[in-house]
Amino acid sequence: DRSANEDHERSMLARLKQQCGAQFTSKMEGMVTDLQLAKDNQARFEQYISTNPEKKPPLDLTVNVLTTGFWPSYPQNDLAVPESMSKSIDIFKEFYDLKTKHRRLKWVFTLGTCQIKGRFGSPKEKRYDLIMNTMQAATLMLFNDEEMLSFAEVRDRLNLPQEDVFRLLHSLSCAKHQLLVKEPSGKTVRSTDQFKLNTMFQDRM
C-alpha cells in the first residue's frame, strides 16, 4: 500500500515488458494483479460481516491475500497472537474457506501493521494512537493483564524464538519510544530482564 499511483506502475511494467519480454515482468504483473484482487477480497469480507453481524470480528481487520509464487519469501513464525486477534483471524478464515477449499492461508505476521490505543499517565491520563507491527502489538498487549513479565514469560507466551524476542523487547524498551520499562535499566536486553508497562510514557505527537 505504498504505491503513489497504480496507473504509473502498470505503465512502467508495460515499458519493461516491451524492452525485456513478458517473462521478465510476469511476477511483477502478478503482484499488481494480486493487490487489486486483495482489495476486492477485502470488500467482499466487509460485505460478509455486514450481512452476518454475529460474525463481526473483535478488531477492525484488513487482510491482503497474496499468491506465494509472485512475491519474495518472507520469514514466518508461529506467533501466539492475543485472543481478540486470533478470533478475528478465525472469522476471516471462515469467510475465505466459503470461497475456496483448495487454498491454505499462511499468515505472515512480520508484515502486519496494528493501530492500538494506549492510555498512559497518572493522575492525568493521556491517550495515544500507537502504530506498530503486529508482533510489537502482540507483545504490548500481554501487559493488559500482567503488571510485570520476565523475558522468559514473554518468549513463552508469544511462542517465538529467543532472537525474535530480543529484537521485539529491545524495540519497545530501549528505542526512542520506550513503551516498556526494563529492569535492570540499560541499552541491551538480557534473558534475565523483567519488563513492565511504562505508565508514565509521554510524547508530543
Side-chain angles (χ1 to χ4, degrees), residues 1-6 9 28 30-49 55-68 70-96 103-120 126-145 154-155 157-161 163-180 189 195 197-198 201 203-205:
D1 293 332
R2 295 179 185 174
S3 172
N5 187 304
E6 284 184 25
E9 287 208 9
M28 288 181 272
M31 285 173 153
V32 173
T33 304
D34 246 7
L35 290 173
Q36 186 54 55
L37 290 173
K39 283 180 186 172
D40 297 342
N41 196 56
Q42 181 66 25
R44 282 196 298 273
F45 177 54
E46 285 165 13
Q47 190 179 1
Y48 169 76
I49 293 166
K55 297 288 185 187
K56 186 173 169 60
L59 305 172
D60 291 334
L61 180 71
T62 303
V63 181
N64 282 330
V65 181
L66 307 173
T67 310
T68 308
F70 295 143
W71 298 81
S73 55
Y74 297 105
Q76 287 183 295
N77 55 50
D78 297 319
L79 173 69
V81 295
E83 189 180 0
S84 54
M85 285 188 191
S86 65
K87 278 184 181 175
S88 303
I89 285 170
D90 290 342
I91 289 167
F92 184 86
K93 189 176 181 302
E94 202 175 304
F95 152 78
Y96 192 73
R103 290 188 169 194
R104 191 160 58 91
L105 291 173
K106 287 184 178 179
W107 296 86
V108 187
F109 294 115
T110 50
L111 295 182
T113 304
C114 287
Q115 180 176 339
I116 62 177
K117 295 185 184 296
R119 297 194 299 271
F120 300 90
K126 287 194 78 173
R127 295 178 181 229
Y128 293 94
D129 285 338
L130 308 167
I131 297 172
M132 58 187 63
N133 67 47
T134 306
M135 294 166 72
Q136 288 173 320
T139 307
L140 209 55
M141 287 169 74
L142 295 175
F143 294 88
N144 280 337
D145 305 316
V154 172
R155 180 195 61 210
R157 292 188 190 200
L158 293 176
N159 190 38
L160 287 176
E163 314 81 69
D164 290 345
V165 180
F166 274 119
R167 281 194 294 272
L168 277 172
L169 289 172
H170 187 274
S171 71
L172 292 168
S173 64
C174 302
K176 181 184 175 184
H177 301 292
Q178 295 178 4
L179 296 165
L180 296 178
V189 172
F195 299 86
L197 192 68
N198 180 7
F201 173 78
D203 194 85
R204 285 179 297 173
M205 293 288 283

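Only heavy atoms go into these numbers, but all of them, side chains included; no hydrogens, no water, no symmetry mates. Numbers for residues simply follow the sequence, beginning at 1.
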Here the pair of heavy atoms bringing K55 nearest to I91 is O-CG2, 3.1 Å

Below 4.5 Å, heavy atoms only, C-beta onward: do N198 and L172 meet side chain to side chain? no

Do the side chains of N133 and T110 get nearer than 4.5 Å, heavy atoms only? no

Counting only heavy atoms from other residues, nucleotides and ligands, does the tally under 6.0 Å from CZ of R44 exceed 12? yes

With rounding to the nearest 0.5 angstrom, report the CD1 to OH distance, I116 to Y128. 14.0 Å

Heavy-atom closest pair, residues A80 and N159: CB-CB, 4.0 Å

Salt-bridge test for K87 and E83: reply yes if a basic N is under 4.0 Å from a carboxylate O, no otherwise. yes

The test is salt bridge (charged side-chain N to carboxylate O under 4.0 Å, His left out); show your working for D164 and R167 and say whether it passes. CA-CA 5 Å; D164 290 345; R167 281 194 294 272; 2.4 Å; yes

Identify the two heavy atoms, one from L160 and one from M135, that lie closest to each other, and give their separation to 0.1 Å. CD1-CE, 3.9 Å

Residues passing the ring pair (Phe, Tyr, Trp, His ring centres under 6.0 Å) test with F143, sequence neighbours excluded, are none

How about CG on N144, more than 12 heavy atoms from neighbouring residues, nucleotides or ligands closer than 6.0 Å, or not? yes

Of all heavy-atom pairs between F45 and L61, which one has the smallest distance, and what is that distance? CE2-O, 4.1 Å

Could you grab the distance from atom CE of M85 to atom CG of L79, nearest 0.5 Å is fine? 7.5 Å

Taking every heavy atom of H177 against every heavy atom of D203, the minimum-distance pair comes out as CE1-OD1, 3.0 Å

Determine whether T33 and T67 make a side-chain contact, defined as any pair of heavy atoms from C-beta on separated by less than 4.5 Å. no

Nearest-0.5 Å distance, CD1 of residue I131 to OG1 of residue T113: 8.5 Å

Would you name the heavy atoms of D34 and W71 that are closest together and state the gap between them? OD2-NE1, 2.9 Å

Does Q47 have more than 12 heavy atoms from other residues, nucleotides or ligands lying within 6.0 Å of its CD? no

Steps toward side chain to side chain contact (heavy atoms under 4.5 Å, CB included) verdict (V63, F95): CA-CA 12 Å; V63 181; F95 152 78; over 6 Å; no

Angle between ring planes, W107 versus F92, binned at 30° and 60°: parallel, tilted or perpendicular? perpendicular

Approximate separation, where rounding is to 0.5 Å, of L180 CG and F201 CZ: 11.0 Å

Out of curiosity, D129 CG to K117 NZ, how far, rounded to the nearest 0.5 Å? 4.0 Å

Where do S84 and M141 land on the side chain to side chain contact (heavy atoms under 4.5 Å, CB included) test, with the steps shown first? CA-CA 10 Å; S84 54; M141 287 169 74; 3.7 Å; yes

State the CG-CG distance between L37 and L66, to the nearest 0.5 angstrom. 9.5 Å

Is there side-chain contact between P72 and M31, with heavy atoms separated by less than 4.5 Å? yes

Could you please spell out the steps behind the side chain to side chain contact (heavy atoms under 4.5 Å, CB included) verdict for Y74 and K106? CA-CA 11 Å; Y74 297 105; K106 287 184 178 179; over 6 Å; no

